[in-house]
Amino acid sequence: MTPGNSVGVIGAGAYGTALACAVARAGRDVLLYVRGTENAAQMKATRQNPRLPGVRLDERIGITGELAVAARARVILMATPAQKLREAAMTLAPLLKPETPVVACAKGIERGTHLFMTEVIAVAIPHAMPAILSGPNFADDVARGLPTAVTLAARDETLASHLVQMLGSSTFRPYHTTDVRGVEIGGAAKNVLAIAAGIVVGRKLGASAQAALTTRGFSELARLGRACGARSETLAGLSGLGDLILSCSSLQSRNFAFGIALGRGETPARDKLAEGEFTAPVLIELAASRNVDMPVSNAVAAILSGKVTIDAAIEGLLTRPFKAEE
Ligand SMILES: NC(=O)c1ccc[n+]([C@@H]2O[C@H](COP(=O)([O-])OP(=O)(O)OC[C@H]3O[C@@H](n4cnc5c(N)ncnc54)[C@H](O)[C@@H]3O)[C@@H](O)[C@H]2O)c1
Ligand SMILES: O=P(O)(O)OC[C@H](O)CO
C-alpha cells in the first residue's frame, strides 16, 4: 500500500468501517484508524467490526491504531460522531500535510458553538480543505455493497468532483455540489425530524400522520436551510429530502427507532448512536437565532429535555392556527 495514494478513515464505528468498505470497492487502498490499541488489534485479527455483523473487511483496508499512519493518506474521511469531530480533528491537525482534503461524514451541528461540520474542521485544521459527505445511506447497506447515492460538497467544485472520482463506485454513487451549507443542514435536521416521525409511529398515530409529519418536517428543514443560505435544490436532493424520507420511514434508522421507543413510552436503548438527541437542542437554538419557525423540532427538543410530555407536544402541534401551506 502507498499511504500517499490511499484514503484515511478516522473513526471505525459502523459508518467509518462501511465507508472503508465502499472505498476499497472503488479500488482504493484504505487506512482505517481504530481508536484504542486493543480494538485495533481485535479488528486486525478478525477482519470484522462487531457493529457490522457478517461483513468481512477487504484486503485493501489497512487497520491501524496509530493516527499518524492514517494521517499520511491523500484524503481523510472523518466518521466520528458529530460532537466528537472537534476532538478528533484537533488531534489529527499536527499530523496532516497542508491542503489535505478532510471530508466530514458526521451529521450534526456542534453544541455550544452552533458550528456546522465543515466549520469545525476549518477551525480545528486551518490548513485542510474541508468537504462534507451526506445522504440517504445506512452503514450496513454501504458495507454490503448495496446501491447507495450521497451528496459530496466542497466550496471548490474541482475538489468536490475530484473527491467523487476518488470515492465513488457503481454501488456507492456520490453526486457533487458546492452547496456545503445545504448538505450539512439536511443531514443535521433530518435526524431530529426522524425522532419525531418515530414518535408518531410509536404512538400509533397512523401512516397519514407519519406522511404529514415528514412533509411538514421537510418544510421546516428547508426554511432553516434557506435562512442559512442553502440552495433549494440541495435541500430537495439526496442529503435533504432523500435522507429525510429514509430516516423517517425505515426501522434501520437509529433516530427513527429512538423515536418509536419514546412514542411507546419506553426508555430508548443508548447502545446505538441517535445523533438527533444531541442535535435537537442546538438546532432549535440556531433556528431561534435566525427567527425560523421549527415547530416539529421544537417539540422534539422539548420532549427530550422533559419540558413537555409527548401527549402535550402532539396536542400543541395539532392545535396550531391553520395557515397557508409554504
Ligand atoms: N451508521 C450509519 O448508518 C450512518 C450513515 C451515515 C452517516 N452516519 C454518521 O456517521 C457518524 C458516526 O456514526 P456511526 O454510526 O459510525 O457511529 P458509531 O457509534 O458506530 O461509531 C463512532 C466511532 O467514532 C469513534 N470515535 C469517537 N471519537 C473519536 C475520536 N476522537 N477519534 C477517533 N475515533 C473516535 C468511536 O470509537 C466509534 O468507533 C454520525 O454522525 C452518523 O450520523 C452514520
Ligand atoms: O441510523 P441513523 O438514524 O443515524 O441514520 C443513518 C443515516 O444517517 C441514514 O442516511
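Ligands are counted one by one from 1 in listed order, and the atoms in each one are counted from 1 as well. It should be emphasised that the depicted structure is a prediction, and the values quoted were computed from it without experimental measurement. For reference, positions follow the sequence shown, starting with 1.
Once rounded to the nearest 0.5 Å, the distance linking CZ of Arg56 with CD1 of Ile61 reads 10.5 Å.
In terms of protein heavy-atom proximity, atom 27 (C) of ligand 1 is closest to Arg35 NH2, 3.4 Å. For atom 31 (N) of ligand 1, the nearest non-hydrogen atom of the protein is Glu87 OE2, 3.2 Å.
Atoms of ligand 1 found under 4.0 Å from any heavy atom of Gly11, numbered from 1 in the order shown, are 34 (N). Set against the non-hydrogen atoms of Ala79, the atoms of ligand 1 under 4.0 Å away are 12 (C). Residue Ala88 approaches ligand 1 through these ligand atoms, each under 4.0 Å from one of its heavy atoms: 30 (C), 31 (N), 32 (N). Heavy-atom contacts of Phe138 reach the following atoms of ligand 2: 5 (O), 6 (C), 9 (C) (cutoff under 4.0 Å). Taking every heavy atom of Leu273 and a limit of under 4.0 angstrom, the matching atoms of ligand 1 come to 13 (O), 17 (O), 40 (C). Below 4.0 Å from some heavy atom of Asp243 lie the following atoms of ligand 2, by number and element: 9 (C), 10 (O). Of all the atoms in ligand 2, the ones that sit under 4.0 Å from a non-hydrogen atom of Asn255 are 2 (P), 3 (O), 4 (O). Contact atoms of ligand 2 toward Leu246: 9 (C), 10 (O) (distance under 4.0 Å to a heavy atom of the residue). Each of the atoms 1 (O), 2 (P), 3 (O) of ligand 2 lies under 4.0 Å from some heavy atom of Ser253. With ligand atoms numbered from 1 in the order given, ligand 1 contributes 22 (C), 24 (O), 27 (C) to contacts under 4.0 Å with heavy atoms of Pro81. Close contacts between ligand 1 and Lys84 involve ligand atoms 28 (N) [criterion: under 4.0 Å to a heavy atom].
Look at Cys105 and you'll find a heavy atom under 4.0 Å from some atom of ligand 1. No heavy atom of Ala139 sits closer than 4.0 Å to any atom of ligand 2. The shortest heavy-atom distance from Pro136 to ligand 2 is under 4.0 Å.
The two residues Ile245 and Ser249 come nearest to each other via the heavy atoms O-OG, 2.7 Å. The two residues Ala139 and Ala18 come nearest to each other via the heavy atoms O-CB, 3.2 Å.
In terms of N/O distances under 3.5 Å, ligand 1 is not approached by Tyr33. Of the N or O atoms in Gly135, one or more lie within a sub-3.5 Å distance of an N or O in ligand 2. Between Lys107 and ligand 1, at least one N/O pair is under 3.5 Å apart. Residue contacts with ligand 1: Gly13 is placed with a nitrogen or oxygen under 3.5 Å of a nitrogen or oxygen of the ligand (distance criterion only). Checking only distances, Phe138 never comes within under 3.5 Å of ligand 1, N or O to N or O. Remark: ligand 1 and Ala139 share an N or O pair separated by less than 3.5 Å (distance only, no angle test).
Evaluated by nearest non-hydrogen atom to atom 19 (O) of ligand 1, the leading choice among Lys190, Met78, Arg51 is Arg51. Of the candidates Lys107, Arg254, Glu275, Lys272, the one placing a heavy atom closest to atom 7 (C) of ligand 2 is Lys107.
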- request: Check the pair Ile310, Arg203 against side chain to side chain contact (heavy atoms under 4.5 Å, CB included), reporting the backbone distance first and the verdict last.
  value: CA-CA 9 Å; Ile310 290 181; Arg203 267 293 195 266; 3.6 Å; yes
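Using a distance-only test at 3.5 Å, with no hydrogens or angles considered, a donor-acceptor pair links the side chain of Thr17 to the main chain of Ala12. Checking side-chain atoms of Thr177 against main-chain N and O of Thr151 turns up no donor-acceptor pair under 3.5 Å. Asn255 places no side-chain N or O within 3.5 Å of a backbone atom of Ser253 that could act as its donor or acceptor partner.
When non-hydrogen atoms are compared, ligand 1 lies under 4.0 Å from the side chain of Arg254 (C-beta onward) but not from its backbone.
The 12-atom threshold is exceeded at CD of Glu326, counting heavy atoms of other residues, nucleotides or ligands nearer than 6.0 Å. No more than 12 heavy atoms of other residues, nucleotides or ligands shown are found within 6.0 angstrom of CD on Glu38.
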